[in-house]
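Just below is one structure, and these are the notes that go with it.
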Amino acid sequence: MTERVAGTTSLRFALVLFVVLPLSLLLIAGTYSVLRMVESQAEQRMKDDVELVARTLQQPLSRALERDRLGTVEEALASAFRIRRVYSAHVYDGDGRTVAHIGRRDLFVDSDRVSDIAGAQSRRGEYEEISGQAVYSYFAPLTSSGGRSLGLLHITRHAGEMEATIASLWWQGGGLLALAILLMTGLVLVAHHGAIGRHLNRLARSMATVEQGNRAHRAPTGGPREIARLGEALNTMLDSLTQVEQEVEERRVAQLALEQQLKHTEKLAAIGQLSGGVAHELGTPMSVIDGKAQRALRAEDLPEDTTEAFVAIRAQVGRMEKIVRQLLDFGRRHTLQIREVSAHQLLHMAEGVVQQEAARHDVTLEVAATEADRTCALDPALMERALTNLLRNAIEATPGGTVRLSYTAARGNATFCVDDDGPGIDPSIRDRLLEPFFTTKDTGDGTGLGLAVVHGVVEQHGGRLEIRESPLGGARFSLHVPQRVSADGAPPPTASAPVYSA
Ligand code: ADP
């Protein structure tokens, strides 16, 4: 956070600049004036000390001089010197000659100056240089009891000693000030980190994580309210972004599926058209062949092998006609011929069509219509064709078994079910069941169009085909269609995939 990003100052730097710096300047100014005050007080105190010594000595020295007692003068000076605040002390007589001294001998003033100061009869103190030494001199006149000038007391104190004391004061003050500024800077930085910095860093790390592509990541929403709000705003933005991306992805997938369905439908339509065309062209020649074979069979005295040949021709033509019919069923889109028909009637019509086939395969056909007397409005011919296709498949899948055709209706929806107890649908072929021409039967036995036709019929009725396991053990094909389909009301074919259920 200390680096400068895009010309902006870091928050830490701003805090130091706008908080620590002004506070430091205030502190420096405050400390300076306090130190100045303390300095002048200390200096004054040191001067006062010297003055006090001088005042204390002034009386006894005056008296001793008046009585000419040199010994007493020296004693008094010695007692003053013991105080240790004094550098030197000189006592001058009225002519400016040194009468007695203690401490540094050379720190005396000349007689003219002594006469001047003694004559003025007033105390005074001043900084000066004597014999190359910086001192603070204090002069106190010595007078007789009658007021006559007897001499002068001159006390000095080392100026350097005072300066050193004051300098140490400045050093101590400055050191404390620097420490205070350092502490303050540290406190501000620690407070910044604790209250703002670490939360902002966490937010920045979250943003970096998202930027690196982890779109599932969400920013932590702890810390001060303002930063928590930032985190929440970021998360809301990410949520919206994810939602939009999901929507776009869903739309893309749906569009892809639609395109594939469209392609599939177009493919089926093309196949249907082609098959229909071929079947149509084959219809007439096959009728001709069958007719001619039929007529030839009517001739008398036909050799047995010729009769057998014509019968075989008719059987094969019959198979071809079946295939052609399925091709035509698949290729043509019939216009729905909606009629009221009883479900019961429809089931029995379909049963009638496959009865012989069932008998041939030794299959028991059951018809169960719980609400058989209810009528439906649909295209009976197409529905019958769909049901017979399913019944044929079931019969072929379960020789010697049971096939059940049933009907139920509920809430406006009709369901036709064909169940068998055969082997069921192998999961590996489930997805291909409705593909035109897909068959598992031997060549010639299956065209692979039966279920494609069923699917087409159900779609035309606006319904759906469901394939699942039968309670009988085999497969169950259910046709769910509206109970009442209007002639033009059926939704357009959706090419919907069949629904598989386990
Ligand atoms: P085809 O009957 O000419 O083969 P279909 O489209 O009617 O064509 O059926 C496709 C395939 O579905 C069949 O070959 C068969 O494998 C499977 N099938 C259809 N009905 C059943 C059923 N009831 N039981 C088992 N498999 C079935």
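All residue numbers in this chain count up from 1 along the given sequence. When a ligand or atom number is given, it counts from 1 through the structure's own listing order.
Val454 and Ala386 make their closest contact through CG2-O, 3.6 Å (heavy atoms, listed as atom of the first residue, atom of the second, distance).
Counting only N and O atoms by type, the side chains of Thr447 and Gln326 include a donor and acceptor under 3.5 Å apart.
Between Leu382 atom CG and His461 atom NE2 the span is 6.0 Å, to the nearest 0.5 Å.
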Present, as a list of atom pairs with distances to 0.1 Å, all nitrogen or oxygen contacts under 3.5 Å between ligand 1 and the protein.
unit_1: ligand 1; atom_1: 2 (O); unit_2: Asn393; atom_2: OD1; d: 2.8
unit_1: ligand 1; atom_1: 2 (O); unit_2: Lys441; atom_2: NZ; d: 2.6
unit_1: ligand 1; atom_1: 3 (O); unit_2: Thr447; atom_2: N; d: 2.9
unit_1: ligand 1; atom_1: 3 (O); unit_2: Gly448; atom_2: N; d: 2.8
unit_1: ligand 1; atom_1: 4 (O); unit_2: Thr439; atom_2: OG1; d: 2.5
unit_1: ligand 1; atom_1: 6 (O); unit_2: Gly450; atom_2: N; d: 3.4
unit_1: ligand 1; atom_1: 6 (O); unit_2: Leu451; atom_2: N; d: 2.9
unit_1: ligand 1; atom_1: 7 (O); unit_2: Asn393; atom_2: OD1; d: 3.2
unit_1: ligand 1; atom_1: 7 (O); unit_2: Asn393; atom_2: ND2; d: 2.7
unit_1: ligand 1; atom_1: 7 (O); unit_2: Leu451; atom_2: N; d: 3.3
unit_1: ligand 1; atom_1: 8 (O); unit_2: Gly448; atom_2: N; d: 3.4
unit_1: ligand 1; atom_1: 14 (O); unit_2: Thr439; atom_2: OG1; d: 3.3
unit_1: ligand 1; atom_1: 14 (O); unit_2: Thr440; atom_2: N; d: 2.9
unit_1: ligand 1; atom_1: 14 (O); unit_2: Thr440; atom_2: OG1; d: 3.1
unit_1: ligand 1; atom_1: 16 (O); unit_2: Thr440; atom_2: OG1; d: 2.4
unit_1: ligand 1; atom_1: 23 (N); unit_2: Asp420; atom_2: OD2; d: 2.9

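With salt bridges taken as basic N to acidic carboxylate O contacts below 4.0 Å, none links Arg404 and Asp419.
Arg298 CZ: more than 12 foreign heavy atoms inside a 6.0 Å radius.
Listed by chain and number, the residues in a side-chain hydrogen bond (donor to acceptor under 3.5 Å, both in side chains) with Asn214 amount to none (sequence neighbours excluded).
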